Peer 1: 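Below you will find the structure I want to go over with you.
Sequence positions, counted from 1, serve as the residue numbers for this chain. As the structure is a computational prediction, the values presented were derived from the model and not from experiment.
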Amino acid sequence: MMDLTWHQHSLSRAERAELKHQHPCLLWFTGLSGSGKSTIANALDVALHQRGYHTFLLDGDNVRHGLNRDLGFSDEDRVENIRRVGEVSKLFTDAGLIVLSAFISPFESDRRMVRNLFPAGEFVEVFMSTPLEVCESRDPKGLYQKARAGEIADFTGIHSPYETPEHPELSLDTSRLSVDECVAQLVGYLQTRRLILERSQ
Ligand code: ADP
């Protein structure tokens, strides 16, 4: 770290963002496996793209195929996984994008670490509050079944805790809300906070 210098670029993040009629931010989807993080983040990504906004979606499983393929599921590796995703998300927001990140991120301390990378108002915690019973009955990837059978250790919600966010910017329970209703709430939030601005087209 000693001999590194931070280079000040000529183009600011504000200038990059202004061109896109949006204010860069990170929407951090947290919740149990099967709570709907990927489904809702993906649907919002499409909805924003169709309205002409510039977005990028980071998904837990996909990141583990590349950037974080050297990491496992030990406590240490989980922390490092989230730290790297936070830093990558930060780079994408510096590029002017609205970033959607979908990670279980069960620990409050890890989510706080990412929140602290961002200026106030640019980290939007979206808690997928879908109850465990519903997530387990959906079991889209068959992981709960494997966890119950003892084939997966430390599975969040079964033998590893999920620390419920205390002050999320938004809570969405997909056992009560449809995909479209979740997307409408998220778009409404972004508009209210002026993170997306009307486009004159
Ligand atoms: P996660 O990314 O949190 O693990 P997924 O999005 O992969 O969750 O899985 C959620 C599952 O629940 C999907 O199979 C999806 O089709 C289903 N589902 C049913 N109703 C809803 C809803 N209202 N919102 C989101 N997902 C829903």
Peer 1: So do the side chains of E80 and N68 get within less than 4.5 Å of each other, counting heavy atoms only?
Peer 2: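 No. Closest side-chain heavy atoms not under 4.5 Å.
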Peer 1: Return the CG to CG distance between L170 and L27, rounded to the nearest 0.5 Å.
Peer 2: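 Here the interatomic distance stands at 8.5 Å.
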Peer 1: Quick one: do L26 and V183 end up in the same hydrophobic cluster if we chain Ile, Leu, Val, Met, Phe, Trp and Tyr together by side-chain heavy atoms under 4.5 Å apart?
Peer 2: no
Peer 1: Of all the heavy-atom pairs spanning A41 and A102, show the shortest one and how long it is.
Peer 2: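 For A41 and A102, the tightest heavy-atom pair comes out as CB-CB, 4.4 Å.
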Peer 1: Any chance you could measure S160, atom OG, to F73, atom CZ, to the nearest 0.5 Å?
Peer 2: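 If we round to the nearest 0.5 Å, S160:OG and F73:CZ are 11.0 Å apart.
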Peer 1: Using modelled atom types only, decide if a donor and an acceptor are shared between the side chain of N81 and the backbone of V85 within a distance under 3.5 Å.
Peer 2: no
Peer 1: Before you tell me yes or no, could you show the steps for L190 and C25 under side-chain contact (heavy atoms from CB on, under 4.5 Å), namely the whole-Å CA-CA distance, both residues' side-chain angles and the distance that decides it to 0.1 Å?
Peer 2: CA-CA 9 Å; L190 293 171; C25 61; 4.2 Å; yes
Peer 1: Starting from the C-alpha separation in whole Å, work towards a yes-or-no answer on side chain to side chain donor-acceptor pair (under 3.5 Å) for S171 and S129.
Peer 2: CA-CA 6 Å; S171 281; S129 61; 5.0 Å; no
Peer 1: Between D77 and G72, is there a donor-acceptor pair closer than 3.5 Å when you use the side chain of the first and the backbone of the second?
Peer 2: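 Checked: pair present.
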Peer 1: Are the side chains of M128 and D173 in touch, meaning some heavy atoms are under 4.5 Å apart?
Peer 2: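 When only atoms from C-beta onward are counted, D173 and M128 do not touch, as no gap falls below 4.5 Å.
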Peer 1: Are V124 and L117 linked, directly or through other ILVMFWY residues, by side chains that come within less than 4.5 angstrom of each other?
Peer 2: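 Shared cluster, no.
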Peer 1: Between the main-chain N or O of A95 and the side-chain N or O of R16, is there a donor-acceptor pair closer than 3.5 Å?
Peer 2: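 No; judged by distance alone, with no hydrogens or angles, the pair does not exist.
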Peer 1: May I ask you to check whether Y144 and F155 place their ring centres under 6.0 Å from each other?
Peer 2: yes
Peer 1: Please round to the nearest 0.5 Å and tell me the distance separating atom CG of D139 and atom NZ of K146.
Peer 2: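 One finds 10.0 Å between CG of D139 and NZ of K146.
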Peer 1: Which pair of heavy atoms, one from L172 and one from L177, lies closest together, and at what distance?
Peer 2: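 Nearest heavy atoms, L172 then L177: CD2-CD1, 3.9 Å.
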Peer 1: Is a side-chain N or O of Q145 found less than 3.5 angstrom from the main chain of G142, in a donor-acceptor match?
Peer 2: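 Side chain of Q145 to backbone of G142: no pair is present.
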Peer 1: Could you please spell out the steps behind the side-chain contact (heavy atoms from CB on, under 4.5 Å) verdict for H23 and E122?
Peer 2: CA-CA 8 Å; H23 189 104; E122 290 189 15; 2.9 Å; yes
Peer 1: State whether the side chain of T174 and the backbone N or O of S35 hold a donor-acceptor pair below 3.5 Å, judged by distance alone.
Peer 2: yes
Peer 1: Please report the interatomic distance CZ(R64) to CZ(R69), rounded to the nearest 0.5 Å.
Peer 2: 13.5 Å
Peer 1: If the condition is salt bridge (charged side-chain N to carboxylate O under 4.0 Å, His left out), which residues does R193 pass it with, not counting sequence neighbours?
Peer 2: none
Peer 1: Run the side-chain contact (heavy atoms from CB on, under 4.5 Å) check on I158 and E136 step by step: do they pass?
Peer 2: CA-CA 10 Å; I158 306 298; E136 186 165 359; 4.0 Å; yes
Peer 1: In chain order, what residues pass the salt bridge (charged side-chain N to carboxylate O under 4.0 Å, His left out) check against E169, with sequence neighbours excluded?
Peer 2: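 Expected list: R115.
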Peer 1: Quick check: do F56 and L100 have side-chain heavy atoms less than 4.5 Å from each other?
Peer 2: no
Peer 1: Assess the residue pair L58 and F103 against the criterion (side-chain contact (heavy atoms from CB on, under 4.5 Å)); give the C-alpha distance rounded to whole Å, side-chain angles, the decisive distance to 0.1 Å, and a yes or no.
Peer 2: CA-CA 9 Å; L58 277 167; F103 294 84; 4.2 Å; yes
Peer 1: Kindly indicate whether the side chain of D75, heavy atoms from C-beta on, has any atom under 4.5 Å from the side chain of D154.
Peer 2: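 They are not in contact (no side-chain heavy atoms under 4.5 Å apart), so the answer is no.
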Peer 1: Grouping I, L, V, M, F, W and Y whenever their side-chain heavy atoms are under 4.5 Å apart, do Y162 and I152 come out in a common cluster?
Peer 2: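 Yes, it is one cluster - the side chains of Y162 and I152 are joined through contacts under 4.5 Å.
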Peer 1: Could you tell me whether the side chain of E15 and the main chain of S12 form a donor-acceptor pair under 3.5 Å?
Peer 2: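 Such a contact is found between E15 side chain and S12 backbone.
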Peer 1: Got a sec, which residues hit side-chain hydrogen bond (donor to acceptor under 3.5 Å, both in side chains) with S105, two or more places apart in sequence or on another chain?
Peer 2: W28, T30
Peer 1: Could you tell me which non-hydrogen atom of S175 sits nearest to which non-hydrogen atom of T130, and how far apart they are?
Peer 2: N-CG2, 4.0 Å
Peer 1: Counting distance only, does the side-chain N/O of K37 pair as donor-acceptor with the main-chain N or O of V126 below 3.5 Å?
Peer 2: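 No.
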Peer 1: Does R83 qualify as a cation-pi partner of F107, given the criterion of NZ or CZ under 6.0 Å from the six-membered ring centre and within 45 degrees of its axis?
Peer 2: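 Geometry flag: not set, cation outside 6.0 Å or 45°.
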Peer 1: Do K90 and E87 sit within salt-bridge range, that is, some charged N less than 4.0 Å from a carboxylate O?
Peer 2: no
Peer 1: Write down the atom of Y53, the atom of H21, and the distance for their closest heavy-atom approach.
Peer 2: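 For Y53 versus H21, the nearest heavy atoms are CE2-O, 3.6 Å.
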Peer 1: Are I98 and F92 connected in a single hydrophobic cluster, I mean Ile/Leu/Val/Met/Phe/Trp/Tyr linked by side-chain heavy atoms less than 4.5 Å apart?
Peer 2: no
Peer 1: Do the side chain of R13 and the main chain of G96 share a donor and acceptor less than 3.5 angstrom apart?
Peer 2: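 Judged by distance alone, no pair lies under 3.5 Å.
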Peer 1: Taking side-chain contact (heavy atoms from CB on, under 4.5 Å) as the criterion, tell me which of V99, V46, L48 meets it with T55.
Peer 2: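 The passing option is L48.
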Peer 1: Short question: side chain of Q22, backbone of L195 - any donor-acceptor pair under 3.5 Å?
Peer 2: no
Peer 1: E125 and H167: side-chain donor and acceptor closer than 3.5 Å?
Peer 2: no
Peer 1: Can you tell me if E181 has over 12 outside heavy atoms packed within less than 6.0 Å of its CD?
Peer 2: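 Above 12, so yes.
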Peer 1: Less than 4.5 Å apart, side chain to side chain, heavy atoms only: is that true for R111 and M113?
Peer 2: no
Peer 1: If you compare all heavy atoms of T156 against all heavy atoms of R78, which two are closest, and at what distance to 0.1 Å?
Peer 2: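 Reported closest heavy-atom pair: OG1-NH1, 3.6 Å.
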Peer 1: Determine the minimum heavy-atom distance between H159 and A147, stating which atoms define it.
Peer 2: NE2-O, 3.4 Å
Peer 1: Quick check for you: to the nearest 0.5 Å, what is the distance between S33 atom OG and L143 atom CG?
Peer 2: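 It is 5.0 Å, given to the nearest 0.5 Å.
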Peer 1: What distance do Q191 atom CD and L186 atom CG have between them, rounded to the nearest 0.5 Å?
Peer 2: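 It is 11.0 Å, given to the nearest 0.5 Å.
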Peer 1: When hydrophobic residues are tied together by side-chain contacts of less than 4.5 Å, even through go-betweens, does V179 share a cluster with F29?
Peer 2: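 In one cluster with V179: F29, yes.
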Peer 1: Using side-chain heavy atoms (C-beta onward) and a distance below 4.5 Å, is V114 in contact with F123?
Peer 2: yes
Peer 1: Side chains of L57 and N42, heavy atoms from C-beta outward: is any pair under 4.5 Å?
Peer 2: yes
